[in-house]
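Just so you know, these numbers come straight off a predicted model, no measurement behind them.
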Amino acid sequence: MWQGDGPALGDGERRAQRLRMYARVQRLAPWLPVLLIVGGLAFDFGTPPRYTAAPFFAAATLVAAALCSLRATMLTVLAAVASEFAVVVIHRDAGYQASLTEVATVLVVAVLALGLNRVVRLRETQLASVRDVAEATQRALLPPPPERLAGLSFAARYVGARADARVGGDLYAVQETPYGVRLIVADVRGKGLEAVAAAAVVIGAFREAAGQEVTLEAVAGRLERALQRENARHTGPDRSEEFATAVLAELPTDGSPLLRLLNRGHPAPLMLTARCASCPLRHPRCPWAWATWRAGRTGPTRPSSRAARCCSSSPTA
């Protein structure tokens with residue numbers, strides 16, 4: 001089991017609780033304008049005529065605009081305006097001008113509510129489109145690994161550090177090679193599209209190098225040079241050089257219980273065995289392109305020359 005930079009289990013539980021609460025609010029949202037209109041009628045008929053329920057009716061239209069569909073908002077507007085006319089005709093003796101002001105207030109707010117609802121729905125449509133694009137990018141960049149590969153079982157789960165983050169600089173990949181099954185779990189510095197571009201460079205370089213290089217050190221060197229070339233392409237005042245932390249792993253396919261690791265500044269992976277429920281494997285080295293990033297130039301850096309070797313009777317990724 002490989003542990004990346006994602007949030008802890010407690011963060012995931014709190015996020016799930018927020019989502020459940022949001023779902024409950026969505027189910028109750030259509031009833032809130034109804035409660036405001038009914039409450040306004042009860043308030044108006046239960047108090048002296050000098051008191052007005054117009055704020056209740058105006059608030060009902062605004063709440064419907066923010067939380068309900070266009071059809072529900074239009075029904076709320078009609079109900080609020082009809083209720084205001086009803087209380088003015090039946091229960092108002094405050095004078096013609098005061099009653100006209102109350103009706104005009106509810107009408108103006110109702111028209112604004114319809115326009116607000118239209119804007120909110122357009123924003124939601126745009127946001128849904130952006131999320132669809134982000135999810136498609138995520139699936140293209142990080143497709144689910146095969147469940148079985150060379151006699152080994154694999155599983156992956158991506159959880160962003162932010163609840164609304166669909167893509168970022170975190171990456172993983174699994175590939176069968178002539179030298180065994182090789183894996184990478186990495187995190188590219190930065191956020192947004194720049195981090196996604198750098199992550200794509202790292203994954204592409206790993207796919208190419210994993211099947212060509214004999215050792216993990218050589219694979220790490222290829223990824224180092226690929227990230228340096230990516231940094232060299234960016235010029236100008238807004239230049240943002242990237243570096244990446246990563247764990248490379250190699251699992252032989254001949255049945256030998258050997259796990260080779262090469263850690264370049266990434267949080268230690270965890271190994272699950274019968275004797276150790278969660279054993280951290282700590283052999284960190286400097287991240288890729290770290291020296292380049294620290295110095296502000298694109299000169300060569302030397303990758304780590306030693307891989308960490310650990311044994312397990314049943315290696316699990």
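- Atoms CG and CD, from Leu251 and Glu176 in turn, are 11.5 Å apart once rounded to the nearest 0.5 Å.
- The line from CG of Leu107 to CZ of Phe85 is 5.5 Å long, rounded to the nearest 0.5 Å.
- Annotation: side chain of Phe206 is in contact with side chain of Val219 (closest heavy-atom distance under 4.5 Å).
- The two atoms that bring Thr52 and Phe43 nearest to each other are O-CE2, 3.4 Å, heavy atoms only.
- Cluster membership for Val63 and Trp31, using ILVMFWY side-chain heavy atoms within less than 4.5 angstrom, is not shared.
- Of all the heavy atoms in Leu36 and Phe56, the pair that sits closest is O-CB, 3.6 Å.
- To the nearest 0.5 angstrom, Arg71 atom CZ is 6.5 Å from Leu75 atom CG.
- Although no hydrogens or angles enter the test, the distance criterion places a donor-acceptor pair under 3.5 Å between the side chain of Thr76 and the main chain of Ala72.
- Smallest separation of non-hydrogen atoms from Tyr179 and Glu213: CE1-O, 3.1 Å.
- Residues Ile37 and Ala60 share a closest heavy-atom pair of CG1-CB, 3.7 Å.
- Two residues are said to be in side-chain contact when any heavy atoms from C-beta on lie closer than 4.5 Å; Phe154 and Val181 meet this criterion.
- Hydrophobic cluster membership differs between Val81 and Val109, with clusters built from Ile, Leu, Val, Met, Phe, Trp and Tyr side chains linked at under 4.5 angstrom.
- Nearest heavy atoms, Gly40 versus Ala53: O-CB, 3.1 Å.
- Here the side chain of Arg207 pairs a donor or acceptor atom with the backbone of Val174 at under 3.5 angstrom.
- In this structure, the side chains of Arg182 and Leu216 come closer than 4.5 Å at one or more pairs of heavy atoms.
- Between atom CG of residue Leu41 and atom CD of residue Glu84 there is a gap of 9.5 Å, rounded to the nearest 0.5 Å.
- Between Val106 and Glu102, every side-chain heavy-atom pair lies at or beyond the 4.5 Å cut-off.
- Taking both residues in full, the closest heavy atoms of Arg148 and Ser153 are given as NH1-OG, 2.6 Å, listed atom of the first, atom of the second, then distance.
- Both Ile184 and Ile203 belong to a common hydrophobic cluster when Ile, Leu, Val, Met, Phe, Trp and Tyr are linked at side-chain heavy-atom distances under 4.5 angstrom.
- Taken to the nearest 0.5 Å, the OG1 atom of Thr177 stands 11.0 Å off from the CD atom of Gln212.
- In terms of hydrophobic clustering, with Ile, Leu, Val, Met, Phe, Trp and Tyr side chains grouped at heavy-atom distances under 4.5 Å, Leu70 and Val120 are assigned to different clusters.
- Phe57 and Val103 end up in the same hydrophobic cluster when Ile, Leu, Val, Met, Phe, Trp and Tyr side chains are linked at under 4.5 Å.
- The line from CG of Leu62 to CG of Asn117 is 11.0 Å long, rounded to the nearest 0.5 Å.
- By the 6.0 Å contact criterion, CD on Glu147 is open, its count of non-hydrogen atoms from other residues, nucleotides or ligands being 12 or less.
- Contact check for Leu261 versus Pro269: side-chain heavy atoms found under the 4.5 Å cut-off.
- Using a 3.5 Å distance cut-off with no hydrogens or angles, the side chains of Thr245 and Arg264 do not pair a donor with an acceptor.
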Report task. Start with the C-alpha gap between Tyr172 and Leu183, add the side-chain angles, then the distance that decides, and say whether side chain to side chain contact (heavy atoms under 4.5 Å, CB included) holds. Result -> CA-CA 7 Å; Tyr172 57 85; Leu183 311 91; over 6 Å; no

